[in-house]
**Student:** 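Below: one structure in structure tokens.
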Amino acid sequence: MSTSVHHAPPPRAVPPHILDNAAWAALTGPHAHLAERVGRAARYPTDVSPFSALEDPADPRAWDDLAALVGPGAVTPVSGARTVPDGWSVERGGDGVQLVDIALYAEPAPEAEPLGPADVPEILELIALTQPGPFLPRTIELGGYLGIRDRGRLIALAGERLHPPGWTEISAVCTHPDHRGRGLATRLVRAVAAGIRERGDTPFLHAAADNTQAIRLYESIGFTLRRRTRFLLVRAPGERG
């Protein structure tokens, strides 16, 4: 009788999903033409998006590269990091959720119109009123944006932000308070998603963890929770010049 002992092979490490570090995947992929990069750190131009990204938030070398990129004493949001190295400080943090499309019914919205640079002043007014998240003068360059107007006035908006390979984030979803309850946001999300799918990508989105109304809406139309997220607003070592 054999007395040999057969040990099970050690479990293989599961590679991280591309959406676990979506900003880095975008900045080193489809949005590389927009990226400002130093080694293991990258960011968007500050008039496009506030986001910075690290190749590996657990790697101190990436933080050194980020410090060189943003400059002494600069404040920048970073996703995926739970702690910061010595010399850095956390200004504030926030919890969110990441949802992915698994059963969304996507269709064009005939009443929606493409938005471009000439529409940015109106977009910024609507963003300031509704606060769906950061939108800057050149954010429009991140992807396609659609809007719905009422008597010529922009009253609802949705568009594309992060673009990791194979995925596109739906963002800036907002409706003027006077026009809520008409399903405008849902129609725009479906329309933006239709364009994303048309080019072979899968839609995803983020929401603040405490924005339960938005999360319920997204889940009701076919998105599902993939993961909980955390972002930190951090300050680089040193004093600003």
**Student:** If two hydrophobic side chains count as joined below 4.5 Å and joins carry through other members, does Val192 share a cluster with Leu217?
**Tutor:** yes
**Student:** Run the salt-bridge test on Glu141 and Arg161 with the 4.0 Å N-O cut-off and return the result as yes or no.
**Tutor:** no
**Student:** Does any part of the side chain of Thr130, heavy atoms only, come nearer than 4.5 Å to the side chain of His176, both counted from C-beta?
**Tutor:**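 With C-beta onward as the side chain, the pair stays apart.
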**Student:** Answer whether the closest heavy-atom distance between the side chains of Pro177 and Leu129 falls below 4.5 Å.
**Tutor:**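 Touching, per the 4.5 Å side-chain cut-off.
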**Student:** Has Arg199 got more than 12 heavy atoms of other residues, nucleotides or ligands less than 6.0 Å from its CZ?
**Tutor:** yes
**Student:** Would you compute the distance between atom OG1 of Thr83 and atom CH2 of Trp88 and round it to the nearest 0.5 angstrom?
**Tutor:** 12.5 Å
**Student:** More than 12 heavy atoms of other residues, nucleotides or ligands under 6.0 Å from CG of Asp178: is that the case?
**Tutor:** yes
**Student:** Give a yes or no answer on whether the side chain of Gln98 reaches the backbone of Leu19 with a donor-acceptor pair at less than 3.5 Å.
**Tutor:**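 Yes, because the side chain of Gln98 sits within donor-acceptor range (under 3.5 Å) of the backbone of Leu19.
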**Student:** Without swapping roles, check the side chain of Trp24 against the backbone of Ala42 for a donor-acceptor pair under 3.5 Å.
**Tutor:**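 Checking the backbone N and O of Ala42 against the side chain of Trp24, no donor-acceptor pair under 3.5 Å is found.
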**Student:** Should the pair Arg149-Asp119 be classified as a salt bridge under the 4.0 Å nitrogen-to-oxygen rule?
**Tutor:**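 A salt bridge is present here (some side-chain N lies under 4.0 Å from a carboxylate O).
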**Student:** Please say yes or no: joined through hydrophobic side-chain contacts below 4.5 Å, possibly via intermediate residues, are Leu233 and Phe51 part of one cluster?
**Tutor:** no
**Student:** Hey, is the main chain of Tyr105 close enough, under 3.5 Å, to the side chain of Arg190 for a donor-acceptor pair?
**Tutor:**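 Present.
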**Student:** Do Phe204 and Tyr218 pass the ring pair (Phe, Tyr, Trp, His ring centres under 6.0 Å) test, and can you show the C-alpha distance, the side-chain angles, and the key distance before you say yes or no?
**Tutor:** CA-CA 10 Å; Phe204 74 106; Tyr218 295 140; over 10 Å; no
**Student:** Do Leu126 and Leu124 sit in the same hydrophobic cluster, where Ile, Leu, Val, Met, Phe, Trp and Tyr count as joined when their side-chain heavy atoms come under 4.5 Å apart?
**Tutor:**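 The answer is yes; both residues are in one hydrophobic cluster.
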**Student:** When you measure from the side chain of Arg235 to the backbone of Gly73, do you find a donor-acceptor pair of N or O atoms at a distance under 3.5 Å?
**Tutor:** yes
**Student:** If you measure from the Lys or Arg side-chain nitrogens to the Asp or Glu carboxylate oxygens, is any gap between Glu111 and Arg187 under 4.0 Å?
**Tutor:**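 Looking at Arg187 together with Glu111, the answer is yes, because their closest N to O distance falls below 4.0 Å.
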**Student:** Would you mind reporting whether Val234 and Val75 have side-chain heavy atoms less than 4.5 Å apart?
**Tutor:**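 Heavy-atom side-chain distance check fails, nothing below 4.5 Å.
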**Student:** In the single-linkage hydrophobic clustering (I, L, V, M, F, W, Y; side-chain heavy atoms under 4.5 Å), do Leu225 and Ile170 co-cluster?
**Tutor:**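 Shared cluster, yes.
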**Student:** Start with the C-alpha distance between Leu232 and Arg230, add both sets of side-chain angles, then the distance that settles side-chain contact (heavy atoms from CB on, under 4.5 Å), and finish with yes or no.
**Tutor:** CA-CA 7 Å; Leu232 299 178; Arg230 176 81 175 161; 3.9 Å; yes
**Student:** Knowing that exactly one of Leu104, Val97, Val100 qualifies, which makes a side-chain contact (heavy atoms from CB on, under 4.5 Å) with Phe223?
**Tutor:** Leu104
**Student:** From Leu69 CG over to Thr76 OG1, what is the distance, rounded to the nearest 0.5 angstrom?
**Tutor:** 8.0 Å
**Student:** Hey, any chance Ile196 and Tyr145 share a hydrophobic cluster, counting ILVMFWY side chains that come within less than 4.5 Å of each other, even indirectly?
**Tutor:**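 No, it is not one cluster - the side chains of Ile196 and Tyr145 are not joined through contacts under 4.5 Å.
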**Student:** Working to the nearest 0.5 Å, report the span between CG of Leu27 and CG of Leu162.
**Tutor:** 7.5 Å
**Student:** Spell out, as yes or no, whether a donor-acceptor pair under 3.5 Å connects the side chain of Asp47 to the backbone of Ser49.
**Tutor:**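 Not confirmed, Asp47 side chain does not pair with Ser49 backbone.
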**Student:** Report yes if the side chains of Pro72 and Arg240 come closer than 4.5 Å at any heavy-atom pair, otherwise no.
**Tutor:**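 No, too far: nothing below the 4.5 Å cut-off.
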**Student:** Does the Glu113 side chain pair with the main chain of Gly147, one donor and one acceptor, at a distance under 3.5 Å?
**Tutor:** no
**Student:** Tell me, do Ile155 and Thr175 make a side-chain contact under 4.5 Å, heavy atoms counted?
**Tutor:** no
**Student:** Any donor and acceptor pair, going by atom type alone, linking the side chain of His31 with main-chain N or O of Thr28 inside 3.5 Å?
**Tutor:**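 Judged by distance alone, no pair lies under 3.5 Å.
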**Student:** Consider side-chain contact (heavy atoms from CB on, under 4.5 Å). Of Val120, Leu154, Leu146, which one does Leu115 pass it with?
**Tutor:** Leu154
**Student:** Got Arg197 and Thr202 here, is their nearest side-chain heavy-atom distance under 4.5 Å?
**Tutor:**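 The answer is no, as the side chains (C-beta and beyond) never meet within the 4.5 Å cut-off.
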**Student:** Side chains of Thr168 and Asp201 only: does a donor on one sit below 3.5 Å from an acceptor on the other?
**Tutor:**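 Side-chain D/A pair, Thr168 to Asp201: present.
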**Student:** Heavy atoms, side chains only, cut-off 4.5 Å: are Ser52 and Leu66 in contact?
**Tutor:** yes
**Student:** Return the CG to OG1 distance between Leu136 and Thr46, rounded to the nearest 0.5 Å.
**Tutor:** 8.0 Å
**Student:** So does Asp64 pair up with Arg40, basic N to acidic O under 4.0 Å?
**Tutor:** no
**Student:** Any chance you could lay out the side-chain contact (heavy atoms from CB on, under 4.5 Å) test for Leu99 and Thr224, step after step, and finish with the verdict?
**Tutor:** CA-CA 5 Å; Leu99 301 106; Thr224 191; 6.0 Å; no
**Student:** Flag the pair Glu55 and Arg37 as a salt bridge only when some basic side-chain nitrogen lies within less than 4.0 angstrom of an acidic carboxylate oxygen.
**Tutor:**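 Answer for the salt bridge query: no.
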**Student:** Check the pair His17, Trp167 against ring pair (Phe, Tyr, Trp, His ring centres under 6.0 Å), reporting the backbone distance first and the verdict last.
**Tutor:** CA-CA 12 Å; His17 192 284; Trp167 299 81; 5.6 Å; yes
**Student:** Return yes when atom CD of Gln131 has more than 12 non-hydrogen atoms of other residues, nucleotides or ligands closer than 6.0 Å, and no otherwise.
**Tutor:** yes
**Student:** To the nearest 0.5 angstrom, please state how far the CG atom of Leu142 sits from the CG atom of Leu34.
**Tutor:**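 So the gap between those two atoms works out to 6.5 Å.
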**Student:** Salt bridge or not between Arg227 and Asp20? Use side-chain N to carboxylate O under 4.0 Å.
**Tutor:** yes
**Student:** Do His206 and Glu169 meet the criterion of a side-chain donor-acceptor pair at a distance under 3.5 Å?
**Tutor:**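 His206 vs Glu169: donor-acceptor pair found between side chains.
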**Student:** When you measure from the side chain of Asn21 to the backbone of Leu54, do you find a donor-acceptor pair of N or O atoms at a distance under 3.5 Å?
**Tutor:**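 Yes; at least one donor-acceptor contact below 3.5 Å.
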**Student:** Specify the closest pair of heavy atoms between Ala62 and Ala41, including all atoms of both residues, with the distance to one decimal.
**Tutor:**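 For Ala62 and Ala41, the tightest heavy-atom pair comes out as O-CB, 3.8 Å.
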**Student:** For the residue pair Leu205 and Ser171, establish whether any side-chain heavy-atom pair is separated by less than 4.5 Å.
**Tutor:** no
